[in-house]
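All remarks here apply to the structure that follows.
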Amino acid sequence: MDELTEKKRLEALREELHHHNHQYYVVDTPEISDFEFDQKMRELISLEAKYPEWFDPNSPSVRVGGGLSQGFVSMAHRYRMYSLDNSYELADLTDWEERNLKLAGQDSFSYVCELKYDGASINLIYEDGKLIHAITRGDGAEGDEVTANIRTIKSIPLKLKGNHPKYMEIRGEIIIPHHEFDRMNQERIARGEEMYMNPRNTASGSLKLLDTKQVAERPLECLVYGMAAAESDLLDQESFLIAAQTWGFKVPDTFAFCNNLSQVMDYVAHWGEKRQELPYETDGVVIKVSRKSQQEMLGYTAKSPRWAIAYKFPSQQVSTVLEGVVYQVGRTGAITPVGQLTPVLLAGTMVKRASLHNADQIELLDLRIGDRVFVEKGGEIIPKVIGVDLASRMPEAQPISFAHNCPDCGTALVRVAGDAKHYCPNTWACGVQIMGRIEHFISRKAMDVQGLGAETVALLYHAGLVRTPADLYQLRPEQVLPLERMADKSVAQLMLGLEESKKQPFHKVLFALGIRYVGETVARKLASAFGSISALSSATHEALVSVDEIGDRIAESVISFFQDPRQMEWVQRLSDYGLCMEELQLEQAELTELLSGKTIVISGVFTQFSRDEAKELIRINGGKAGSSISKKTSFVLAGTDMGPSKKTLADSLGVPLIDEHEFLRMIQKV
Ligand code: AMP
Ligand code: ZN
């Protein structure tokens, strides 16, 4: 290619990647596979490396990060970033409206209600549709310039679409969705690191990281709620929110236009109930007078706009008395101290227990039995103790001396340097650990054994029938039937569940083994890097740490697991019983005619391959992937979440449904 062609190609790639990024991260309807996206990104990066003179700070390639900041400079906001007045009672809203009506000499207002996203506020400055600066709120007059970090956040458009003011400041909140936050914490626990306390602090902390690559890896999102601009022809808040969506911003669809205050009250009541179902943290509702002209009549106080107010939901934090501490043993032997509380109502549920994390945390908070403590409900199910009311401490409050022995088996606890947790070392005879490992093994994200739950595991354990997960596959119906609450049907379901679980792919089996620090993500990485249990179990430390994101701690844990003959014994048995001990190898596939003449429609999602890989499998085995079900369809390759209408259509046309396992059998992959 000559230089001109390459320049055109580079520009086309930038456009395409901006578009696909928006499809994926903002509107959630990807048009190409991750693989194709990565290919294009790689091509772009190599062209940019070849032609540094064509550098563009807003190229999609900045999303991947790279480059260290020296620190942050502070920068003034051209338009002040205000706070919001808070209200805690519905009556405050009525007062607020009355005051405003009088002040502006109006008869009525219409409002827009939005959720109050709980993260870090950001000011995004665009000129001619290009992001030029991003500044934190700071003190409202000036904040830190964090543009390089902000450019890595994929839901923030670097180039805008459509018609927009020439200069404008977009106001949004940087947040981390609950499920991503939980995943980050799971991974931290698996690596033996301290958990993050809450999504808000982690989000704002992330903006101040010096390494943009690290920021790019954080699951940050930006939710947009406002704009400041000198010239804008948008007449009200809801036109703005809609326009912002067309420019490429992520504006949650939860906002609502309200004709009057009573509709506002309905909105508040609705989200007060439903807020737990939201994918991200919210601490209230923001109510805004919608019309620009009326907003201008009302103006601002020194601190906040008069035309907007935040209604805060009742607190998710309460104080109560710490009555005692009990200790729980996890499947890895890790001990978690749990505070026993005087029962207290928190966000609609009665709370009696709260996690105290570990000995260090107890010391850090300086907790004593009898203290009045603050308890907060975060994204997790178990609330946590976040602080002590030192002012009300009783002189007789007793310092907590951490347990010396396992509450289950009595073995002396051990603590390894560099790990905040205490452990019960009695791995092979500590009942709670044994049951915990089996429960982990059968859990949904691991082997997903249907028909088996914690209660049955306990029954099986106490009857002496299982000591390791491998024992499950040796169970005979006549052994299980005599157990409490077991009947023919439940036994049959259990047997079927176990049989079905043998179809779980290798990375899930690996996760199910419960190797310390090997969480879901790490299991996937190890499975694809080593391909099989035999390769993994003989991998050297060096080979392990050469895998992306695998450090010394994980490597050591993997090695010591497989070096233990008692572990190897049950893992070997799992392999003998037919569990999947190898990763499906798509790359090495050879062309076959196994599906020749067949037209196959793919529907739903699969555990062992992506939809794109399914298409690829069909192609290399001589079949054709069809896009819609018709009489000509040979069968539907049906995953989970297949649409009910598709299923009805397939049934009515007599087109069979084939599940992924059967499909793999057809193409002789299992
Ligand atoms: P406060 O920090 O309590 O003064 O509240 C003001 C902050 O709420 C703003 O700086 C925004 O970062 C944040 N906020 C979150 N959601 C919204 C929203 N929908 N509209 C306006 N501000 C919001
Ligand atoms: Zn024990």
Side-chain angles (χ1 to χ4, degrees), residues 77 79-88 111-124 134-141 143 169-175 199-201 203-204 207 221-228 237-238 240-241 244 249-257 264 267-268 271 275 278 280-290 295 300-305 307-313 327-336 403-414 421-437 461:
H77 298 292
Y79 301 96
R80 189 182 172 83
M81 287 185 83
Y82 286 93
S83 291
L84 287 170
D85 260 350
N86 286 326
S87 62
Y88 300 90
Y111 299 99
V112 167
C113 289
E114 291 162 44
L115 293 172
K116 189 165 193 289
Y117 320 118
D118 198 11
S121 29
I122 194 77
N123 185 16
L124 305 169
I135 316 172
T136 62
R137 184 167 82 167
D139 64 2
E169 303 189 356
I170 292 290
R171 306 290 167 78
E173 197 81 358
I174 307 293
I175 57 115
R200 184 200 331 114
N201 291 354
S204 69
L207 296 184
E221 279 188 26
C222 180
L223 307 179
V224 159
Y225 57 77
M227 174 174 78
Q237 173 69 2
E238 87 263 29
F240 160 70
L241 293 175
F249 293 99
K250 190 160 192 164
V251 177
D253 281 326
T254 42
F255 72 83
F257 178 75
V264 169
Y267 182 93
V268 168
W271 287 108
R275 69 177 147 147
L278 288 165
Y280 41 78
E281 199 84 43
T282 167
D283 55 348
V285 171
V286 183
I287 302 127
K288 300 174 182 173
V289 169
S290 181
Q295 289 182 3
Y300 297 80
T301 67
K303 245 188 74 222
S304 47
W307 49 266
I309 192 166
Y311 172 82
K312 292 284 193 99
F313 291 129
Y327 298 87
Q328 281 182 348
V329 193
R331 63 181 167 85
T332 60
I335 307 291
T336 304
H404 295 290
N405 297 87
C406 174
D408 190 59
C409 68
T411 307
L413 301 180
V414 295
K421 293 251 171 205
H422 286 73
Y423 288 91
C424 164
N426 188 17
T427 315
W428 297 95
C430 181
V432 180
Q433 288 188 53
I434 293 174
M435 288 185 274
R437 285 195 294 269
Y461 170 76

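Just so you know, ligand 1 is whichever comes first in the structure, and atom 1 is the first atom listed for that ligand.
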Residue-ligand contact L115/ligand 1, heavy atom below 4.0 Å | yes
Residue pair [X] / [Y], side-chain heavy-atom distance below 4.5 Å:
X    : Y    : result
W271 : T254 : yes
M81  : E169 : no
Y79  : R171 : yes

Nearest heavy-atom neighbours spanning Q433 and C424 = NE2-O, 3.1 Å
C406 atom SG and C424 atom SG as seen from the Zn ion (ligand 2), angle to 10 degrees = 110°
Of the listed options (M81, K116, R137, K288), which comes nearest to atom 20 (N) of ligand 1 when hydrogens are ignored and any heavy atom counts?
-> K288
Charged N to carboxylate O under 4.0 angstrom, R200 versus E281?
-> no
Can you tell me the protein heavy atom closest to atom 13 (C) of ligand 1 and the distance?
-> E173 OE1, 3.3 Å
Any N or O on G172 sitting closer than 3.5 Å to an N or O of ligand 1?
-> no
For ligand 1, does V286 get within less than 4.0 Å through its side chain, its backbone, both, or neither, judged by non-hydrogen atoms?
-> side chain
Note: Y225, heavy atoms under 4.0 Å from ligand 1, region reported as side chain
E114: numbered ligand 1 atoms lying under 4.0 Å from its heavy atoms | 18 (C), 19 (N), 20 (N)
Atom indices of ligand 1 within 4.0 angstrom of S83 heavy atoms, with elements = 4 (O)
Quick one: does S87's side chain have a donor or acceptor within less than 3.5 Å of a partner on A310's backbone?
-> yes
Under 3.5 Å side-chain donor-acceptor pair for Q237 and Q295 | no
